[in-house]
**Student:** 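Okay, handing you the structure first.
The shown structure was predicted, so the numbers you read here are calculated from the model rather than taken from an experiment. Numbers for residues simply follow the sequence, beginning at 1.
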Amino acid sequence: MSIATIGAFAIGEYPEGVAVMLFYAVGEVFQSMAVTRAKGNIKALLDQRPDEVTIMNNNQPKTIKAKETKVGDVIQLKPGEKLALDGELISDSASFNTAALTGESKPDTKNKGEVVLAGMINMNSIALVKVTTAYEDSKLSKILELVQNATAQKAPTELFIRKFAKVYTPIVVFLAIGITFLPYFFVGDYQFRDWLYRALIFLVISCPCALVISIPLGYFGGIGAASRNGILFKGSNFLDSIAEIQNVVMDKTGTMTEGVFKVQEVSISSEFNKDEIMQLVNLLESKSTHPVATAIHNYVGDINYSIPMENVEEIAGHGLKATVNGKELLVGNFKLMDKFSIRYDINHANIVYTLIAIAYDKKFAGYITIADSIKADAKETVDNLHKMGVKATMLSGDKGTVVKYVADQLGIDNAFGDLLPEDKVNKVKEIKAKNQTVAFVGDGVNDAPVVALSDVGIAMGGLGSDATIETADVVIQDDKPSKIPMAINIGKQTKKIVWQNIILAFAVKAVVLVLGAGGLATMWEAVFADVGVALLAILNAVRIQRMKF
């Protein structure tokens, strides 16, 4: 651009020389605005930490610098305030806005003892939080560092354009020198001024600004758009990789299901009072620490301790036995029913859920089914993957019948249960042997071998595990499986915009170069072919930051 401007001044084309630099400067301003906006989006989303916090010191509130807060300090969080450090809620309950971390606008209610994270905003009442992690080790610090470092991991297209520009620019300068002087030996009416003007036009047209600026900006915008939706890419290369995914292989528990046992169905015989039986079961199960007991308690509610219950006994591998009002109460599996010769008329082998059988006063009273419930957006996730032409496969260590049931409910193409970690690796190898790309979605810790083998490792529950953030290529912060197709879509849209810019730049430059070589294009057309195209490419790259996914 400098050579072209000096050259234009040298031959007296002052307006055109000024135009080259003016439009170049305008392009630079647009570029810096776009980059600043993209960086601002990411930083505003993630660096939500306040500089100061209010800690309780001998039951007196005291304001100190957030960086000076120690592990074990108790933070008082007023309504509307942001939490500066990770901690444990010691108030009974509190509602938080988690949009900064997860992209999810719906308030999240936390109960006493639950983990709360830096960046969450307290919604209504004053909350007390005990600090569990140092300021620099908080999830927010790690996420912020991750996103800022993501730009260092370049996509192949981006790397190619950088290398291309390094070789291309000196070649173009030498070609321009050739255009100026070589015609002297071949053209009869050689005019130095005319050929210098053509060479300057050639130089301006050939400038790779549009490519060098817009391609990294497109990828940066893609990373920013993903961050805004609670999806963290560890580099722009993974935006390219995820756009090409043909198979999504997923874990079951905690990925497509909640990972928390819940009561699915209660079937109590009509000769018994359902509420009375469930109160008895709730009281008896309160004597156990099994996850099933928690599920029943969550379903029934408060325990009625006024019920006279005696002789409570746990029978290993079977269940619980007690006496209520002189009558025998049995709660456990069907082996417990058989042991006490209780007759029942259901075929429990056909039921895929965990079954809790109940007998009262020597009679079969009914059963409760308990299962890990499917996430609300799991079905939508699989449907969206299919619309994109991506196959879904479920691999799980859980019981085969349960895995098959969940897969059938969701419409998953292939499902395999009763698998060990090495079996999962073999299944992924089988898919890759067909020369197909694979993204594995799991917790990133137990499934580390499969994550390493897959083309893109996606971690669910990035807020729950530090190891997840370390091992995966993409981290979905709010555990929502619907973010998997969204991540693929963001990758596809980013790649599409990058290629639109490449094609636009080369097409316009090729046309104007031909016109310039024939003496038909002036410096004004050349300026448009360079700076005009760069501006269009920048505006196109910025578009991804405004897209709704």
Side-chain angles (χ1 to χ4, degrees), residues 36-148 224-232 376 461-464 466 469 475-480 483 545-546 548-549:
T36 304
R37 186 167 179 273
K39 282 186 174 176
N41 275 353
I42 294 170
K43 201 162 175 64
L45 274 160
L46 294 174
D47 200 7
Q48 295 281 341
R49 292 164 298 188
D51 294 327
E52 296 180 331
V53 296
T54 303
I55 64 164
M56 299 305 289
N57 191 358
N58 297 324
N59 287 330
Q60 292 297 314
K62 180 186 174 186
T63 303
I64 63 167
K65 296 278 184 193
K67 287 184 178 177
E68 294 171 9
T69 311
K70 300 183 185 72
V71 173
D73 283 348
V74 174
I75 295 175
Q76 183 192 65
L77 203 62
K78 294 173 190 156
E81 278 190 332
K82 288 173 192 161
L83 185 59
L85 299 96
D86 296 353
E88 177 189 314
L89 187 67
I90 54 177
S91 301
D92 289 337
S93 69
S95 289
F96 292 91
N97 177 339
T98 63
L101 292 162
T102 64
E104 178 61 59
S105 56
K106 193 171 73 175
D108 186 6
T109 301
K110 300 285 185 186
N111 296 313
K112 186 173 183 175
E114 287 195 77
V115 172
V116 283
L117 301 167
M120 289 183 174
I121 302 169
N122 187 18
M123 298 285 283
N124 37 37
S125 56
I126 289 177
L128 295 176
V129 176
K130 183 181 176 183
V131 176
T132 55
T133 313
Y135 184 83
E136 60 276 8
D137 294 330
S138 71
K139 290 288 186 297
L140 199 56
S141 297
K142 292 192 174 190
I143 292 164
L144 186 58
E145 186 184 340
L146 172 71
V147 177
Q148 286 174 336
S227 298
R228 196 167 60 249
N229 286 286
I231 304 164
L232 300 179
L463 294 183
D466 289 343
I469 289 179
V475 180
I476 292 173
Q477 296 189 72
D478 59 4
D479 285 358
K480 287 196 169 181
K483 297 288 174 77
Q545 295 177 47
R546 296 179 176 275
K548 293 271 188 284
F549 293 100

**Student:** Determine the minimum heavy-atom distance between L232 and S227, stating which atoms define it.
**Tutor:** CD2-OG, 3.9 Å
**Student:** Working to the nearest 0.5 Å, report the span between CD of Q60 and CD1 of I55.
**Tutor:** 12.0 Å
**Student:** Within this structure, what is the CG-NZ distance for the pair L128 and K112, rounded to the nearest 0.5 Å?
**Tutor:** 10.0 Å
**Student:** To the nearest 0.5 Å, how far apart are NZ in K70 and OH in Y135?
**Tutor:** 16.0 Å
**Student:** Just so I know, are the side chains of V116 and F96 near enough to count as touching, which here means a heavy-atom distance under 4.5 Å?
**Tutor:** yes
**Student:** Using the side chain to side chain contact (heavy atoms under 4.5 Å, CB included) definition, which of the options T63, I75, I64 pairs with T54?
**Tutor:** T63
**Student:** Is the backbone of A118 close enough, under 3.5 Å, to the side chain of D86 for a donor and an acceptor to pair up by distance?
**Tutor:** yes
**Student:** Considering non-hydrogen atoms only, spot the tightest contact between G87 and V129 and give its length.
**Tutor:** CA-CG1, 3.8 Å
**Student:** What distance separates D73 CG from L85 CG, expressed to the nearest 0.5 Å?
**Tutor:** 9.0 Å
**Student:** Can you tell me how far the CD atom of Q76 sits from the OG atom of S91, to the nearest 0.5 Å?
**Tutor:** 9.5 Å
**Student:** Check whether any side-chain N or O of N122 sits under 3.5 Å from a backbone N or O of L77 as a donor-acceptor pair, and report yes or no.
**Tutor:** yes
**Student:** Minimum heavy-atom separation for I126 to P79, with atom names?
**Tutor:** CG1-CD, 4.0 Å
**Student:** Main chain of N111, side chain of E114: is a donor-acceptor contact present, judged purely on distance under 3.5 Å?
**Tutor:** yes
**Student:** Taking atom NZ of K110 and atom OG of S95, what is their separation to the nearest 0.5 Å?
**Tutor:** 10.5 Å
